[in-house]
Amino acid sequence: MNKIGLLSLALLSNLIVDAQQKPNVIIIMADDLGYGDASCYGATKISTPNIDKLASRGIRFTNAHSTSGTCTPSRYALMTGQYPWRKKGTGILPGDAALIIPTDKTTLPSLFQKGGYQTAIVGKWHLGLGNSLAKDWNGEVKPGPNEVGFDYSFIFPATADRVPTVFVENHRVIGLDAGDLIQVDYEKMVGNEPTGIANPELLKMKSSPNHGHNNTIVNGIGRIGYMSGGKKARWTDEEMPLTFLAKAKEFIEQKRKQPFFLYYALTEPHVPRMPSTMFKGKSNLGYRGDAILQLDWAVGEILKELEYLGIANNTLIVFSSDNGPVLDDGYMDEAVTMQNGHTPAGLLRGGKYSIFEAGTRVPYIVSWPAKIKPGISDAMICQMDLLSSFSSMLQIKLPAGEAMDSEDVLSALLGKSHNARKVLVEQGLQSIAIVQDNWKYIEPNNEQAMNVLTNTALGNSQQAQLYDLKNDIGEKNNLAEKYPQKLSELVKLLQNIKQGNTRK
Ligand code: NG6
Ligand code: CA
């Protein structure tokens, strides 16, 4: 080989070494897992050994948040680094919604692409597909995850309780049958299949009264929305964990020699909870508890796979949940009657949908054996911060004006500092709050104080609320009258951020 050949070989191997040193990154996102749902976060009625293992080899955060108390806005923020309430149409999406993530801006996965990573999403999407509501599920379904930075996608479109109950792999519904075309409608019935409301005798799990999970029945479960056709394409809920795990492992195995980014977005313990046979009845807490065990198992399987491939040390894993917990979210699955003393929100008030802490304060673990010394951190961080933090890790500058609300909290994520966010805006279903120095102001509104369907304290009130989270994590004592100055300080700060000013 001549000199130039040797030189370029050396250069190439340098590049390879460089690429190898970048950690693989996996985000494992649970769906509706509460702050108190894992044993490493204090649960005593359920044991989650694999999530605990992750915590024991990484950093367990006690003040980490999703941006919002529901799924779509939280995931929007995770992808874009922007508070979802800045953009209309980022609330809980129906299953036929159009894509809400811009295709021309930096997103979390496109950042990793820029950094030379192979990227994939496996699991729940819930950020819309296509350019409009009307779309042909039998053709190419796009734009979607592949257009916003994922090289590979294997998803279900919205939630497990919404039609279409099918998997989409890189633009195509899996298992399509040209003789049995899929139709989806959220307004009116399509086809003539039984619905939960007309044929409750066909249900293997009853819908809760008034929740409305009683449209098309798929796999014995009433769903939100109407669907016809695609019989062979429909998923079996009990198989979902295995399906997602197999796809995730396949991707990891294929890309093990390159740095990869995997967003593994699991459905547990979101409704409908229909765990696979090996977990049914295992937790003594009903299917919700069984679904948590199933989630924990999936985490363990990923850890095993990384160890088997010899890449566990240099793989950074973020484990979290998109919003807080709920027991009855649409199905009579015994989550309420078999609660057996389990407290999904731990000591926090509220739950999913709520502006109280249980809405957005979620389990959050970061592990990277090669770099992170295990510990516990009370740094205030948000999932939305991953975009800026990883851009700092990869030394890629974000274009001006993009990911405007995402803060670089890398040193907190790596356990090097407890300083992270000074200020965080939280979002409930209808409400907004701001936290600074453990003082939390909840903006007044005219909405109902309770979600009567789910029996959740939403935190809505016509009175301004001010809580001292340091001494009152359960948000029991409203101090708004006692500390008017603190209150007005936070009111102003919130106004300022709403007007587009960021704290960066
Ligand atoms: C709600 C559904 C709930 C769940 C939620 C989305 C009703 C009454 N309730 O509107 O069952 O699907 O949307 O959950 O329809 S999330 O975690 O994806 O935000
Ligand atoms: Ca959720």
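Because the structure is a prediction, the values reported are computed rather than measured. In each ligand, atom 1 is the first atom listed, and ligand 1 is the first ligand listed.
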Note: Arg421-Glu407 ion pair, threshold 4.0 Å (strictly below): yes

Which residue and heavy atom of the protein sit nearest atom 9 (N) of ligand 1, plus the separation: His213 CE1, 3.7 Å

Validation row: Asp151, Phe251 side chains within 4.5 angstrom (heavy atoms): no

Shortest-distance N, O or S atom of Asp31 relative to the Ca ion (ligand 2): OD1

Ligand 1-proximal atoms of Lys124, by part, heavy-atom distance under 4.0 Å: side chain

Name of the Asp322 atom (N/O/S only) found closest to the Ca ion (ligand 2): OD2

Phe112 and Phe261 aromatic ring geometry - parallel, tilted or perpendicular at 30°/60° bounds: parallel

Separation of Ser276 OG from Gln294 CD (nearest 0.5 Å): 4.5 Å

Atoms of ligand 1, numbered as shown, that sit under 4.0 Å from any heavy atom of Thr159: 18 (O)

Separation between CG of Asn146 and NE2 of His171, rounded to the nearest 0.5 Å: 4.0 Å

Identity and distance of the protein heavy atom lying nearest atom 14 (O) of ligand 1: Lys352 NZ, 2.7 Å

N or O contact, Asp32 vs ligand 1, cut-off under 3.5 Å: yes

Nearest-neighbour protein heavy atom for atom 8 (C) of ligand 1, which is reported as residue plus atom name and distance: His211 O, 3.1 Å

Protein heavy-atom partner closest to atom 13 (O) of ligand 1 - residue, atom, separation in Å: Arg162 NH2, 3.1 Å

Lys204 bridged to Glu238 by N-O distance under 4.0 Å: yes

Ring geometry between Phe167 and Trp235 (parallel below 30°, tilted from 30 to 60°, perpendicular above 60°): tilted

Salt bridge present between Asp290 and Arg273 (N-O < 4.0 angstrom): no

Nearest to the Ca ion (ligand 2) - the N/O/S atom of Asp32, by atom name: OD1

Closest protein heavy atom (residue, atom, distance) for atom 5 (C) of ligand 1: Tyr353 OH, 3.5 Å

Atom 16 (S) of ligand 1 - nearest protein heavy atom and its distance: Cys71 CB, 3.2 Å

Under 4.0 Å to a heavy atom of Asp329 - the qualifying atoms of ligand 1, by number: 3 (C), 4 (C), 11 (O)

For Asn323, atoms of ligand 1 separated by under 4.0 Å from a heavy atom: 17 (O)

Point-to-point distance, once rounded to the nearest 0.5 Å, from CD1 of Ile59 to CG of Leu54: 11.5 Å

Close-contact set for ligand 1 against His126 heavy atoms, below 4.0 Å: 18 (O)

Proximal ligand 1 atoms for Ile224, defined as those under 4.0 Å from one of its heavy atoms: 15 (O)

For Asp31, the ligand 1 atoms whose distance to one of its heavy atoms is below 4.0 Å: 17 (O)

Side chain to side chain donor-acceptor pair (under 3.5 Å) between Asn63 and Asp378, intermediate numbers included: CA-CA 5 Å; Asn63 192 9; Asp378 62 358; over 6 Å; no

Test: Asp32 and Arg288 ion pair at under 4.0 Å: no

Residue Thr70 vicinity, atoms of ligand 1 by number, heavy atom under 4.0 Å: 19 (O)

Structural part of Ile92 in contact with ligand 1, heavy atom criterion under 4.0 angstrom: side chain

Interatomic spacing from CD1 in Ile252 to CD in Glu305 - rounded to 0.5 Å: 6.0 Å

Rounded distance [0.5 Å steps], CH2 in Trp125 versus CD1 in Ile101: 5.5 Å

Presence of salt bridge, Asp237 and Arg223, under 4.0 angstrom: yes

Metal check, the Ca ion (ligand 2) vs Ser321 N/O/S, cut-off below 3.0 Å: no

Ligand 1 contacted by Gly330 (non-hydrogen, < 4.0 Å): no

Distance filter under 4.0 Å to Asp161 heavy atoms, resulting ligand 1 atoms: 3 (C), 4 (C), 11 (O), 12 (O)

Proximity of Tyr331 to ligand 1 by residue part, where a heavy atom lies under 4.0 Å: neither

